[in-house]
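Proteins come first, then strands; the chains are lettered A, B, ... in the order of their sequence lines, and each starts at number 1. Below, each value reflects all heavy atoms present in this structure, side chains not excepted, and no hydrogens, waters or symmetry copies.
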Amino acid sequence: MTPARRDGPAEAGLPRLIAERRAKARALRARGVDPFPAAFARRRTIAEARAMGEGLGPGSTAEGSVRVAGRLVAQRGQGRMAFCDLEDASGRIQLWARRDLLGDDGMDALDDWDLGDLVGAEGPLARTRRGELSVDLRSVVLLAKALRPPPDKHAGLRDPETRHRQRYLDLMADAGTREAFVARARAISAIRRFLDDRGFVEVETPTLQPIYGGAAARPFVTHHHALERDLFLRIAPELYLKRCIVGGLERVYELGKSFRNEGVSFKHNPEFTSLETYEAYADYRDVAAMLETMVSHAAEAATGSTAVSFGGQEIDLAPPWRRLDLREALREASGIDVRRHAEADGLRAAMRDGGYDAPDGTGWAKLVDGLLAQALEPSLVQPTIVLDYPIELSPFAKRRADDPGVVERFEAFAGGMEIANAFTELNDPDDQRERFAALAAEREAGDEEAPPSDADFLAALEYGMPPTGGLGVGIDRLVMLLTGRPSIREVILFPATRS
RNA sequence: GGGCCGUUAGCUCAGUCGGUAGAGCAGGGGACUUUUAAUCCCAAGGUCGCAGGUUCGAUCCCUGCACGGCCCA
(Lines give C-alpha, C1' and ligand atoms only; values in the text may rest on other atoms or scores of the structure.)
Protein backbone atom coordinates (compact mmCIF):
# COMPACT_ATOMS: atom_id res chain seq x y z
CA MET A 1 0.00 0.00 0.00
CA THR A 2 1.31 3.38 -0.96
CA PRO A 3 1.93 5.76 1.90
CA ALA A 4 -0.21 8.87 2.08
CA ARG A 5 1.32 11.77 0.19
CA ARG A 6 2.23 14.68 2.35
CA ASP A 7 3.94 16.73 -0.30
CA GLY A 8 1.19 18.97 -1.55
CA PRO A 9 -1.68 18.97 -4.02
CA ALA A 10 -2.12 16.45 -6.78
CA GLU A 11 -2.13 18.85 -9.73
CA ALA A 12 0.74 18.70 -12.15
CA GLY A 13 2.85 21.31 -13.81
CA LEU A 14 2.29 24.99 -13.31
CA PRO A 15 -0.95 24.67 -11.28
CA ARG A 16 0.91 22.53 -8.81
CA LEU A 17 3.82 24.93 -8.54
CA ILE A 18 1.38 27.75 -7.92
CA ALA A 19 -0.57 25.73 -5.38
CA GLU A 20 2.62 24.97 -3.46
CA ARG A 21 3.50 28.64 -3.29
CA ARG A 22 -0.05 29.60 -2.31
CA ALA A 23 0.05 27.00 0.46
CA LYS A 24 3.16 28.67 1.88
CA ALA A 25 1.44 32.07 1.81
CA ARG A 26 -1.61 30.53 3.49
CA ALA A 27 0.54 28.96 6.20
CA LEU A 28 2.10 32.33 6.92
CA ARG A 29 -1.32 33.96 7.25
CA ALA A 30 -2.38 31.18 9.61
CA ARG A 31 0.54 32.19 11.83
CA GLY A 32 -0.57 35.82 11.70
CA VAL A 33 2.13 36.90 9.25
CA ASP A 34 1.13 39.00 6.24
CA PRO A 35 2.83 37.63 3.10
CA PHE A 36 2.36 41.06 1.47
CA PRO A 37 3.36 43.61 4.14
CA ALA A 38 3.18 47.30 3.30
CA ALA A 39 6.76 48.47 3.61
CA PHE A 40 10.31 47.78 4.65
CA ALA A 41 11.81 50.79 6.37
CA ARG A 42 15.42 51.99 6.45
CA ARG A 43 16.40 49.94 3.42
CA ARG A 44 19.70 50.50 1.72
CA THR A 45 20.22 49.59 -1.89
CA ILE A 46 22.41 46.58 -2.49
CA ALA A 47 24.93 48.83 -4.22
CA GLU A 48 25.11 50.98 -1.08
CA ALA A 49 25.55 47.90 1.10
CA ARG A 50 28.31 46.62 -1.18
CA ALA A 51 30.09 49.96 -0.98
CA MET A 52 29.88 49.86 2.82
CA GLY A 53 31.45 46.42 2.90
CA GLU A 54 34.20 47.15 0.43
CA GLY A 55 37.04 47.22 2.96
CA LEU A 56 36.05 44.03 4.80
CA GLY A 57 38.61 41.25 4.68
CA PRO A 58 37.75 37.56 4.28
CA GLY A 59 36.42 36.01 7.46
CA SER A 60 35.59 39.33 9.10
CA THR A 61 32.29 40.92 10.13
CA ALA A 62 31.45 44.62 10.17
CA GLU A 63 30.04 46.65 13.04
CA GLY A 64 26.36 47.49 12.92
CA SER A 65 23.69 46.21 10.57
CA VAL A 66 22.31 46.89 7.15
CA ARG A 67 18.81 46.31 5.83
CA VAL A 68 18.47 45.25 2.22
CA ALA A 69 15.53 44.09 0.15
CA GLY A 70 15.04 42.53 -3.24
CA ARG A 71 14.15 39.44 -5.20
CA LEU A 72 15.45 36.02 -4.20
CA VAL A 73 17.36 34.72 -7.22
CA ALA A 74 19.35 31.75 -5.87
CA GLN A 75 19.35 29.50 -2.82
CA ARG A 76 22.03 27.14 -1.61
CA GLY A 77 20.91 25.03 1.35
CA GLN A 78 23.45 23.74 3.78
CA GLY A 79 21.53 22.22 6.67
CA ARG A 80 21.92 24.52 9.63
CA MET A 81 23.49 27.06 7.28
CA ALA A 82 22.17 28.46 4.02
CA PHE A 83 23.10 31.00 1.38
CA CYS A 84 20.76 33.02 -0.82
CA ASP A 85 21.37 35.62 -3.49
CA LEU A 86 19.29 38.77 -3.31
CA GLU A 87 18.92 41.13 -6.26
CA ASP A 88 17.59 44.67 -6.48
CA ALA A 89 17.85 47.29 -9.23
CA SER A 90 21.34 48.22 -8.06
CA GLY A 91 22.95 44.78 -7.89
CA ARG A 92 23.20 41.47 -6.14
CA ILE A 93 24.39 40.39 -2.71
CA GLN A 94 24.63 37.10 -0.85
CA LEU A 95 22.58 36.44 2.27
CA TRP A 96 24.27 34.16 4.77
CA ALA A 97 21.95 32.34 7.16
CA ARG A 98 23.19 30.49 10.21
CA ARG A 99 20.76 28.84 12.59
CA ASP A 100 22.76 29.89 15.67
CA LEU A 101 22.66 33.59 14.68
CA LEU A 102 19.38 33.89 12.79
CA GLY A 103 17.39 31.69 15.16
CA ASP A 104 14.93 28.88 14.55
CA ASP A 105 12.08 31.17 13.47
CA GLY A 106 14.25 32.90 10.92
CA MET A 107 15.58 29.63 9.52
CA ASP A 108 12.04 28.25 9.28
CA ALA A 109 10.94 31.39 7.43
CA LEU A 110 13.85 30.95 5.04
CA ASP A 111 12.78 27.34 4.40
CA ASP A 112 9.48 28.61 3.02
CA TRP A 113 11.06 31.13 0.67
CA ASP A 114 10.90 30.35 -3.03
CA LEU A 115 12.93 31.72 -5.90
CA GLY A 116 11.26 34.89 -7.06
CA ASP A 117 10.01 35.96 -3.62
CA LEU A 118 10.63 39.56 -2.62
CA VAL A 119 12.28 39.57 0.78
CA GLY A 120 13.92 41.87 3.27
CA ALA A 121 16.95 41.02 5.37
CA GLU A 122 18.95 42.57 8.18
CA GLY A 123 22.31 41.86 9.69
CA PRO A 124 25.92 42.95 9.75
CA LEU A 125 27.94 42.89 6.57
CA ALA A 126 30.47 40.09 6.58
CA ARG A 127 32.88 38.57 4.13
CA THR A 128 33.03 34.80 4.00
CA ARG A 129 36.29 32.88 4.07
CA ARG A 130 35.86 32.48 0.32
CA GLY A 131 35.74 36.26 0.02
CA GLU A 132 32.04 36.75 -0.81
CA LEU A 133 30.53 39.89 0.71
CA SER A 134 27.34 38.84 2.50
CA VAL A 135 24.68 40.00 4.90
CA ASP A 136 25.16 37.84 7.99
CA LEU A 137 21.48 37.42 8.74
CA ARG A 138 19.94 38.36 12.06
CA SER A 139 16.37 38.76 10.81
CA VAL A 140 14.43 38.16 7.61
CA VAL A 141 10.96 39.07 6.39
CA LEU A 142 8.92 38.11 3.37
CA LEU A 143 7.87 41.30 1.54
CA ALA A 144 5.83 39.76 -1.29
CA LYS A 145 5.21 36.12 -2.06
CA ALA A 146 5.81 35.15 -5.68
CA LEU A 147 2.93 32.83 -6.51
CA ARG A 148 4.43 31.86 -9.90
CA PRO A 149 7.91 30.52 -10.53
CA PRO A 150 10.42 32.88 -12.16
CA PRO A 151 12.28 32.06 -15.39
CA ASP A 152 15.21 29.67 -15.14
CA LYS A 153 17.85 31.14 -12.86
CA HIS A 154 20.68 30.30 -15.20
CA ALA A 155 19.32 29.87 -18.74
CA GLY A 156 16.94 32.78 -18.28
CA LEU A 157 14.10 33.46 -20.69
CA ARG A 158 14.87 32.81 -24.35
CA ASP A 159 11.53 32.43 -26.06
CA PRO A 160 11.11 35.75 -27.92
CA GLU A 161 7.34 35.53 -27.77
CA THR A 162 7.30 35.32 -23.98
CA ARG A 163 10.04 37.94 -23.73
CA HIS A 164 7.87 40.45 -25.59
CA ARG A 165 4.43 39.51 -24.29
CA GLN A 166 5.55 39.20 -20.67
CA ARG A 167 8.31 41.77 -20.67
CA TYR A 168 8.33 41.78 -16.87
CA LEU A 169 9.78 38.27 -17.01
CA ASP A 170 12.43 39.35 -19.50
CA LEU A 171 13.34 42.31 -17.29
CA MET A 172 13.40 40.05 -14.24
CA ALA A 173 15.62 37.43 -15.86
CA ASP A 174 17.95 39.51 -18.00
CA ALA A 175 20.07 42.36 -16.66
CA GLY A 176 20.96 43.23 -20.26
CA THR A 177 17.31 43.95 -21.01
CA ARG A 178 17.06 46.20 -17.97
CA GLU A 179 20.23 47.99 -19.03
CA ALA A 180 18.90 48.59 -22.54
CA PHE A 181 15.81 50.35 -21.21
CA VAL A 182 17.86 52.38 -18.76
CA ALA A 183 20.09 53.39 -21.67
CA ARG A 184 16.99 54.39 -23.60
CA ALA A 185 15.83 56.62 -20.75
CA ARG A 186 19.27 58.19 -20.45
CA ALA A 187 19.43 58.93 -24.17
CA ILE A 188 15.99 60.55 -24.11
CA SER A 189 16.72 62.70 -21.09
CA ALA A 190 20.05 63.74 -22.63
CA ILE A 191 18.17 64.85 -25.75
CA ARG A 192 15.71 66.87 -23.67
CA ARG A 193 18.57 68.46 -21.72
CA PHE A 194 20.41 69.27 -24.95
CA LEU A 195 17.38 71.00 -26.44
CA ASP A 196 16.35 72.74 -23.21
CA ASP A 197 19.87 74.10 -22.87
CA ARG A 198 19.58 75.60 -26.35
CA GLY A 199 16.39 77.45 -25.57
CA PHE A 200 13.95 75.00 -27.12
CA VAL A 201 10.49 74.85 -25.59
CA GLU A 202 8.97 71.41 -25.17
CA VAL A 203 5.36 71.45 -26.31
CA GLU A 204 2.52 68.96 -26.43
CA THR A 205 0.30 68.94 -29.48
CA PRO A 206 -2.73 66.73 -30.22
CA THR A 207 -2.29 63.02 -30.74
CA LEU A 208 -6.00 62.91 -31.65
CA GLN A 209 -6.26 64.98 -34.80
CA PRO A 210 -9.23 65.94 -36.99
CA ILE A 211 -6.88 66.02 -40.00
CA TYR A 212 -3.66 64.06 -40.00
CA GLY A 213 -0.53 65.02 -41.88
CA GLY A 214 3.19 65.65 -41.88
CA ALA A 215 4.15 62.27 -43.28
CA ALA A 216 3.09 59.64 -45.79
CA ALA A 217 1.34 56.86 -43.92
CA ARG A 218 -2.04 55.28 -43.30
CA PRO A 219 -3.49 56.52 -40.02
CA PHE A 220 -5.45 54.81 -37.27
CA VAL A 221 -9.00 56.10 -37.14
CA THR A 222 -11.10 56.39 -34.02
CA HIS A 223 -14.44 57.94 -33.21
CA HIS A 224 -15.43 60.67 -30.80
CA HIS A 225 -19.01 59.95 -29.75
CA ALA A 226 -19.92 63.31 -28.20
CA LEU A 227 -18.53 65.27 -31.14
CA GLU A 228 -19.96 62.68 -33.53
CA ARG A 229 -16.88 62.66 -35.69
CA ASP A 230 -13.94 60.52 -36.62
CA LEU A 231 -10.53 61.49 -35.34
CA PHE A 232 -7.11 60.27 -36.42
CA LEU A 233 -4.18 59.26 -34.28
CA ARG A 234 -1.37 61.46 -35.47
CA ILE A 235 1.16 60.09 -37.93
CA ALA A 236 3.44 63.03 -37.08
CA PRO A 237 3.20 66.21 -34.98
CA GLU A 238 4.79 68.30 -37.75
CA LEU A 239 1.93 70.56 -38.83
CA TYR A 240 1.04 71.53 -35.25
CA LEU A 241 4.64 72.31 -34.36
CA LYS A 242 4.88 74.63 -37.35
CA ARG A 243 1.76 76.41 -36.09
CA CYS A 244 3.74 77.00 -32.88
CA ILE A 245 6.52 78.55 -34.98
CA VAL A 246 3.95 80.79 -36.69
CA GLY A 247 2.80 81.87 -33.25
CA GLY A 248 6.30 82.97 -32.31
CA LEU A 249 7.58 80.23 -30.01
CA GLU A 250 10.57 80.15 -32.39
CA ARG A 251 12.27 77.01 -30.98
CA VAL A 252 9.98 74.12 -30.15
CA TYR A 253 10.22 70.38 -29.85
CA GLU A 254 7.96 67.48 -29.10
CA LEU A 255 9.13 64.06 -28.03
CA GLY A 256 6.37 61.50 -28.03
CA LYS A 257 4.34 58.84 -29.74
CA SER A 258 3.02 58.82 -33.26
CA PHE A 259 1.02 56.04 -34.89
CA ARG A 260 1.13 54.53 -38.34
CA ASN A 261 -1.26 51.86 -39.49
CA GLU A 262 1.20 49.68 -41.35
CA GLY A 263 3.13 46.45 -41.01
CA VAL A 264 5.28 45.34 -38.12
CA SER A 265 8.96 44.63 -38.80
CA PHE A 266 12.35 44.80 -37.12
CA LYS A 267 12.25 48.57 -37.61
CA HIS A 268 8.51 49.31 -37.54
CA ASN A 269 6.10 49.28 -34.63
CA PRO A 270 2.59 50.73 -35.12
CA GLU A 271 3.23 53.18 -32.33
CA PHE A 272 6.68 54.66 -32.11
CA THR A 273 8.50 57.51 -30.47
CA SER A 274 9.83 60.42 -32.42
CA LEU A 275 11.48 63.71 -31.73
CA GLU A 276 10.57 66.68 -33.86
CA THR A 277 12.30 70.04 -33.50
CA TYR A 278 11.64 73.34 -35.29
CA GLU A 279 13.96 76.31 -35.13
CA ALA A 280 13.01 79.64 -36.65
CA TYR A 281 15.66 81.38 -38.75
CA ALA A 282 17.64 78.17 -39.17
CA ASP A 283 18.03 76.06 -42.30
CA TYR A 284 18.67 72.37 -42.87
CA ARG A 285 22.44 72.75 -42.65
CA ASP A 286 22.09 74.30 -39.18
CA VAL A 287 19.82 71.40 -38.28
CA ALA A 288 22.39 68.85 -39.51
CA ALA A 289 25.03 70.37 -37.25
CA MET A 290 22.64 70.28 -34.31
CA LEU A 291 21.64 66.68 -35.01
CA GLU A 292 25.15 65.26 -35.02
CA THR A 293 25.98 67.04 -31.78
CA MET A 294 22.73 66.02 -30.13
CA VAL A 295 23.09 62.36 -31.11
CA SER A 296 26.66 62.18 -29.87
CA HIS A 297 25.48 63.64 -26.53
CA ALA A 298 22.74 61.04 -26.37
CA ALA A 299 25.24 58.27 -27.12
CA GLU A 300 27.55 59.40 -24.37
CA ALA A 301 24.69 59.63 -21.90
CA ALA A 302 23.39 56.18 -22.82
CA THR A 303 26.64 54.27 -23.20
CA GLY A 304 29.47 56.48 -21.98
CA SER A 305 30.93 56.75 -25.46
CA THR A 306 30.15 58.05 -28.92
CA ALA A 307 31.35 54.74 -30.34
CA VAL A 308 28.67 52.06 -30.48
CA SER A 309 28.61 48.50 -31.73
CA PHE A 310 25.76 47.59 -34.05
CA GLY A 311 25.34 44.53 -36.24
CA GLY A 312 28.94 43.51 -35.61
CA GLN A 313 30.28 46.88 -36.72
CA GLU A 314 31.78 49.75 -34.77
CA ILE A 315 30.01 53.02 -35.45
CA ASP A 316 31.42 56.33 -34.31
CA LEU A 317 28.72 58.93 -33.82
CA ALA A 318 31.09 61.77 -32.94
CA PRO A 319 30.69 64.79 -35.23
CA PRO A 320 31.25 65.68 -37.94
CA TRP A 321 29.23 63.15 -39.90
CA ARG A 322 29.92 62.52 -43.55
CA ARG A 323 27.78 64.57 -45.97
CA LEU A 324 26.67 63.15 -49.31
CA ASP A 325 24.65 64.66 -52.11
CA LEU A 326 21.79 62.28 -52.84
CA ARG A 327 22.10 62.42 -56.61
CA GLU A 328 25.88 61.98 -56.51
CA ALA A 329 25.70 59.21 -53.92
CA LEU A 330 23.09 57.31 -55.90
CA ARG A 331 25.16 57.60 -59.06
CA GLU A 332 28.24 56.30 -57.27
CA ALA A 333 26.41 53.46 -55.58
CA SER A 334 24.28 52.32 -58.51
CA GLY A 335 25.77 53.89 -61.64
CA ILE A 336 22.39 55.51 -62.27
CA ASP A 337 22.00 59.27 -62.52
CA VAL A 338 18.37 59.81 -61.60
CA ARG A 339 18.37 63.28 -63.17
CA ARG A 340 19.23 61.79 -66.54
CA HIS A 341 16.13 59.60 -66.28
CA ALA A 342 13.55 62.26 -65.59
CA GLU A 343 10.59 60.01 -66.43
CA ALA A 344 9.47 57.03 -64.40
CA ASP A 345 9.66 54.59 -67.32
CA GLY A 346 13.27 55.45 -68.16
CA LEU A 347 14.38 55.28 -64.54
CA ARG A 348 12.55 51.99 -64.06
CA ALA A 349 14.34 50.49 -67.05
CA ALA A 350 17.73 51.75 -65.85
CA MET A 351 17.11 50.33 -62.39
CA ARG A 352 16.13 46.94 -63.79
CA ASP A 353 19.22 46.97 -66.00
CA GLY A 354 21.23 47.55 -62.84
CA GLY A 355 19.60 44.60 -61.10
CA TYR A 356 17.38 46.66 -58.81
CA ASP A 357 13.77 46.01 -58.02
CA ALA A 358 11.53 48.61 -59.69
CA PRO A 359 7.83 47.72 -59.60
CA ASP A 360 5.41 48.70 -62.36
CA GLY A 361 3.08 51.60 -61.75
CA THR A 362 5.46 53.32 -59.37
CA GLY A 363 6.07 57.03 -59.84
CA TRP A 364 9.48 58.56 -60.45
CA ALA A 365 9.92 59.83 -56.92
CA LYS A 366 9.11 56.49 -55.34
CA LEU A 367 11.55 54.81 -57.71
CA VAL A 368 14.27 57.16 -56.50
CA ASP A 369 13.30 56.31 -52.94
CA GLY A 370 13.49 52.62 -53.84
CA LEU A 371 16.91 53.04 -55.38
CA LEU A 372 18.06 54.82 -52.23
CA ALA A 373 16.77 51.98 -50.07
CA GLN A 374 18.38 49.30 -52.23
CA ALA A 375 21.62 50.80 -53.46
CA LEU A 376 22.61 53.24 -50.75
CA GLU A 377 20.96 52.77 -47.39
CA PRO A 378 22.48 49.36 -46.49
CA SER A 379 25.98 50.72 -47.05
CA LEU A 380 25.47 53.77 -44.82
CA VAL A 381 26.88 52.21 -41.67
CA GLN A 382 28.90 55.13 -40.34
CA PRO A 383 26.67 58.14 -39.66
CA THR A 384 25.95 59.92 -42.90
CA ILE A 385 23.86 62.89 -43.87
CA VAL A 386 22.39 62.59 -47.37
CA LEU A 387 21.39 65.98 -48.74
CA ASP A 388 19.04 67.41 -51.35
CA TYR A 389 16.04 65.26 -52.26
CA PRO A 390 13.69 65.41 -55.21
CA ILE A 391 10.76 67.70 -54.53
CA GLU A 392 8.23 64.96 -55.27
CA LEU A 393 9.36 63.06 -52.16
CA SER A 394 9.14 66.03 -49.85
CA PRO A 395 5.80 67.89 -49.79
CA PHE A 396 6.67 70.05 -46.77
CA ALA A 397 10.23 71.05 -47.67
CA LYS A 398 11.45 74.26 -49.28
CA ARG A 399 12.82 74.25 -52.82
CA ARG A 400 16.44 75.07 -53.39
CA ALA A 401 16.65 78.56 -54.84
CA ASP A 402 19.16 77.40 -57.45
CA ASP A 403 17.34 74.19 -58.40
CA PRO A 404 13.56 74.10 -58.00
CA GLY A 405 13.40 70.33 -58.63
CA VAL A 406 15.30 69.73 -55.43
CA VAL A 407 14.40 70.59 -51.86
CA GLU A 408 16.58 71.55 -48.92
CA ARG A 409 16.23 68.26 -47.15
CA PHE A 410 18.49 65.64 -45.62
CA GLU A 411 18.09 62.23 -44.17
CA ALA A 412 20.60 60.86 -41.66
CA PHE A 413 21.58 57.21 -41.73
CA ALA A 414 23.61 55.00 -39.43
CA GLY A 415 23.91 51.26 -39.12
CA GLY A 416 22.22 50.95 -42.51
CA MET A 417 19.03 52.57 -41.17
CA GLU A 418 17.39 55.94 -41.56
CA ILE A 419 17.45 57.64 -38.18
CA ALA A 420 16.50 61.23 -38.99
CA ASN A 421 14.82 63.37 -41.61
CA ALA A 422 15.07 67.14 -41.80
CA PHE A 423 14.40 70.08 -44.04
CA THR A 424 14.23 73.74 -44.41
CA GLU A 425 10.49 74.05 -43.95
CA LEU A 426 8.26 75.18 -46.75
CA ASN A 427 6.79 78.49 -45.55
CA ASP A 428 5.32 79.76 -48.82
CA PRO A 429 1.57 79.12 -48.42
CA ASP A 430 0.88 79.12 -52.14
CA ASP A 431 3.63 76.60 -52.81
CA GLN A 432 2.32 74.50 -49.92
CA ARG A 433 -1.19 74.66 -51.39
CA GLU A 434 0.15 73.32 -54.68
CA ARG A 435 1.96 70.51 -52.89
CA PHE A 436 -1.29 69.57 -51.13
CA ALA A 437 -2.98 69.54 -54.51
CA ALA A 438 -0.31 67.18 -55.83
CA LEU A 439 -0.84 64.94 -52.81
CA ALA A 440 -4.58 64.98 -53.43
CA ALA A 441 -3.92 63.84 -56.98
CA GLU A 442 -1.74 60.98 -55.72
CA ARG A 443 -4.46 60.06 -53.28
CA GLU A 444 -6.98 60.16 -56.10
CA ALA A 445 -4.68 57.83 -58.05
CA GLY A 446 -4.90 55.31 -55.22
CA ASP A 447 -1.99 56.17 -52.94
CA GLU A 448 -3.48 55.55 -49.50
CA GLU A 449 -0.43 57.03 -47.83
CA ALA A 450 -0.81 60.51 -49.34
CA PRO A 451 -2.08 62.78 -46.54
CA PRO A 452 -5.04 65.15 -46.99
CA SER A 453 -4.92 68.92 -47.32
CA ASP A 454 -5.11 70.97 -44.16
CA ALA A 455 -6.82 74.32 -44.70
CA ASP A 456 -6.09 75.63 -41.22
CA PHE A 457 -2.41 74.84 -41.63
CA LEU A 458 -2.42 76.80 -44.90
CA ALA A 459 -4.14 79.69 -43.11
CA ALA A 460 -1.42 79.61 -40.45
CA LEU A 461 1.24 79.84 -43.15
CA GLU A 462 -0.63 82.77 -44.66
CA TYR A 463 -0.16 84.65 -41.38
CA GLY A 464 3.58 84.25 -41.97
CA MET A 465 6.00 81.56 -40.81
CA PRO A 466 9.65 82.56 -40.53
CA PRO A 467 12.20 80.52 -42.43
CA THR A 468 12.57 77.45 -40.24
CA GLY A 469 14.73 74.36 -39.95
CA GLY A 470 12.83 71.24 -38.88
CA LEU A 471 14.00 67.82 -37.77
CA GLY A 472 12.46 64.43 -37.09
CA VAL A 473 14.37 61.68 -35.31
CA GLY A 474 13.21 58.09 -34.91
CA ILE A 475 13.94 57.62 -31.24
CA ASP A 476 13.38 53.87 -31.28
CA ARG A 477 15.83 53.35 -34.12
CA LEU A 478 18.33 55.66 -32.48
CA VAL A 479 18.07 53.61 -29.31
CA MET A 480 18.55 50.40 -31.35
CA LEU A 481 21.78 51.89 -32.57
CA LEU A 482 22.92 53.06 -29.15
CA THR A 483 22.16 49.76 -27.44
CA GLY A 484 23.27 47.49 -30.28
CA ARG A 485 19.84 45.86 -30.47
CA PRO A 486 18.94 44.53 -33.93
CA SER A 487 15.16 44.88 -33.58
CA ILE A 488 12.81 47.67 -32.58
CA ARG A 489 11.01 45.15 -30.39
CA GLU A 490 14.11 45.02 -28.20
CA VAL A 491 13.92 48.74 -27.41
CA ILE A 492 10.14 49.08 -26.96
CA LEU A 493 9.06 47.71 -23.61
CA PHE A 494 5.72 46.34 -24.77
CA PRO A 495 5.80 45.97 -28.57
CA ALA A 496 2.71 45.29 -30.63
CA THR A 497 1.71 41.61 -30.85
CA ARG A 498 -1.15 39.72 -32.43
CA SER A 499 -4.27 38.85 -30.40
C1' G B 1 1.35 39.92 -48.95
C1' G B 2 5.35 35.81 -50.24
C1' G B 3 9.34 32.24 -48.73
C1' C B 4 11.97 29.53 -45.01
C1' C B 5 12.29 27.97 -39.89
C1' G B 6 10.21 27.13 -35.08
C1' U B 7 6.19 25.68 -31.23
C1' U B 8 8.01 18.91 -26.61
C1' A B 9 7.65 19.48 -18.39
C1' G B 10 7.13 26.05 -14.88
C1' C B 11 12.20 27.52 -17.58
C1' U B 12 16.32 25.97 -21.06
C1' C B 13 16.74 22.17 -24.44
C1' A B 14 17.40 16.76 -26.38
C1' G B 15 14.65 12.96 -28.93
C1' U B 16 11.40 9.49 -31.53
C1' C B 17 14.09 6.48 -39.80
C1' G B 18 5.65 6.15 -37.26
C1' G B 19 4.94 1.81 -31.80
C1' U B 20 2.12 7.88 -26.78
C1' A B 21 9.06 10.74 -24.68
C1' G B 22 14.38 12.31 -21.84
C1' A B 23 18.07 15.67 -19.40
C1' G B 24 19.56 20.07 -16.60
C1' C B 25 17.41 23.86 -13.70
C1' A B 26 13.02 25.03 -10.80
C1' G B 27 9.36 22.54 -7.55
C1' G B 28 8.35 18.08 -3.43
C1' G B 29 10.76 14.58 0.49
C1' G B 30 15.59 13.66 2.87
C1' A B 31 21.27 14.60 4.20
C1' C B 32 24.73 18.56 4.90
C1' U B 33 27.54 25.04 9.52
C1' U B 34 31.81 28.55 4.22
C1' U B 35 28.22 27.79 -0.37
C1' U B 36 28.19 30.84 -4.83
C1' A B 37 25.21 27.20 -11.91
C1' A B 38 26.66 24.15 -4.19
C1' U B 39 26.70 18.73 -3.72
C1' C B 40 24.43 13.81 -2.71
C1' C B 41 19.98 10.32 -2.30
C1' C B 42 14.59 9.50 -3.34
C1' A B 43 10.02 10.44 -5.61
C1' A B 44 7.01 13.31 -8.87
C1' G B 45 5.97 16.31 -13.10
C1' G B 46 3.87 15.93 -20.45
C1' U B 47 -3.63 16.62 -24.49
C1' C B 48 4.87 16.75 -27.82
C1' G B 49 0.76 24.61 -30.35
C1' C B 50 -4.63 23.69 -32.36
C1' A B 51 -7.85 21.11 -36.00
C1' G B 52 -8.35 17.65 -39.75
C1' G B 53 -6.15 13.65 -42.98
C1' U B 54 -3.18 9.12 -44.04
C1' U B 55 -2.23 4.68 -40.98
C1' C B 56 -3.61 -1.15 -37.22
C1' G B 57 -1.16 2.93 -34.65
C1' A B 58 0.73 10.06 -35.39
C1' U B 59 4.49 14.05 -31.00
C1' C B 60 6.99 12.32 -35.70
C1' C B 61 4.23 11.98 -42.40
C1' C B 62 0.42 15.32 -45.17
C1' U B 63 -3.09 19.65 -45.19
C1' G B 64 -5.12 23.84 -42.87
C1' C B 65 -5.00 27.31 -38.87
C1' A B 66 -2.80 30.15 -34.68
C1' C B 67 1.38 32.38 -32.56
C1' G B 68 6.54 33.56 -33.00
C1' G B 69 11.46 34.27 -35.56
C1' C B 70 14.41 35.34 -39.92
C1' C B 71 14.47 36.88 -45.00
C1' C B 72 11.96 39.21 -49.17
C1' A B 73 8.12 42.76 -51.00
Scan every strand shown for a Watson-Crick or G-U wobble partner of [N], both distances under 3.5 Å, and answer none if you come up empty.
N: B:A31; result: B:U39
N: B:U12; result: B:A23
N: B:C60; result: none
N: B:G6; result: B:C67
N: B:G46; result: none

Please classify the nucleic acid contact of [X] as base, sugar-phosphate, or nothing, using heavy-atom distances under 4.0 Å.
X: A:D100; value: base
X: A:G156; value: sugar-phosphate
X: A:L157; value: sugar-phosphate
X: A:T497; value: sugar-phosphate
X: A:Q75; value: sugar-phosphate

Whole-Å gap separating [atom2] ([N]) and [atom1] ([X]):
X: A:D152; N: B:A9; atom1: CG; atom2: P; value: 14 Å
X: A:K267; N: B:C70; atom1: NZ; atom2: P; value: 13 Å
X: A:Q78; N: B:U34; atom1: CD; atom2: C1'; value: 7 Å
X: A:Q374; N: B:C72; atom1: CD; atom2: P; value: 11 Å
X: A:L95; N: B:U34; atom1: CG; atom2: C1'; value: 15 Å
X: A:F83; N: B:A37; atom1: CZ; atom2: C1'; value: 16 Å
X: A:L102; N: B:U33; atom1: CG; atom2: P; value: 15 Å
X: A:M172; N: B:G10; atom1: CE; atom2: P; value: 18 Å

Taking only side-chain N and O atoms of [X], does any of them lie within less than 4.0 angstrom of OP1 or OP2 on [N]?
X: A:R158; N: B:C13; result: yes
X: A:R498; N: B:G68; result: yes
X: A:R489; N: B:G69; result: yes
X: A:R165; N: B:G68; result: yes
X: A:H154; N: B:A26; result: no
X: A:K153; N: B:A26; result: yes

On RNA chain B, check which nucleotide each of A:P160 and A:R99 is closest to and give me the residue with the more 5' one.
A:R99
Result for 5'-nearest mapping on RNA chain B, choosing between A:P151 and A:K24, is A:P151
State whether a side-chain donor-acceptor pair under 3.5 Å links [X] with [Y].
X: A:R409; Y: A:N421; result: yes
X: A:D316; Y: A:T306; result: yes
X: A:R184; Y: A:T273; result: yes

From the options [options], select the nucleotide whose nearest atom is closest to the side chain of [X].
X: A:L17; options: B:U36, B:U34, B:G10; result: B:G10
X: A:H164; options: B:G28, B:A38, B:G69; result: B:G69
X: A:D85; options: B:U34, B:U36, B:C70; result: B:U36
X: A:R16; options: B:U34, B:A26, B:G28; result: B:G28
X: A:E161; options: B:C25, B:C67, B:U36; result: B:C67

Classify the ring geometry between A:F259 and A:F220 as parallel (under 30°), tilted (30 to 60°) or perpendicular (over 60°).
perpendicular
Say you pick atom [atom1] in [N] and the same atom in [M]; how far apart are they, in whole Å?
N: B:C13; M: B:G45; atom1: P; value: 24 Å
N: B:G15; M: B:C4; atom1: C1'; value: 23 Å
N: B:A44; M: B:G29; atom1: P; value: 15 Å
N: B:A26; M: B:C17; atom1: C1'; value: 34 Å
N: B:G52; M: B:C71; atom1: P; value: 35 Å
N: B:G2; M: B:U39; atom1: P; value: 50 Å
N: B:G10; M: B:U47; atom1: P; value: 7 Å
N: B:U59; M: B:C48; atom1: C1'; value: 4 Å

More than 12 heavy atoms of other groups within 6.0 Å of A:R348 CZ
yes
Tell me whether the count of non-hydrogen atoms from other residues, nucleotides or ligands lying under 6.0 Å of CZ in A:R76 goes above 12.
yes
Shortest non-hydrogen separation from A:G53 to A:L125 and the atoms involved
N-CD1, 3.8 Å
Keeping the roles fixed (side chain from A:H164, backbone from A:P160), state whether a donor-acceptor pair exists under 3.5 Å.
yes
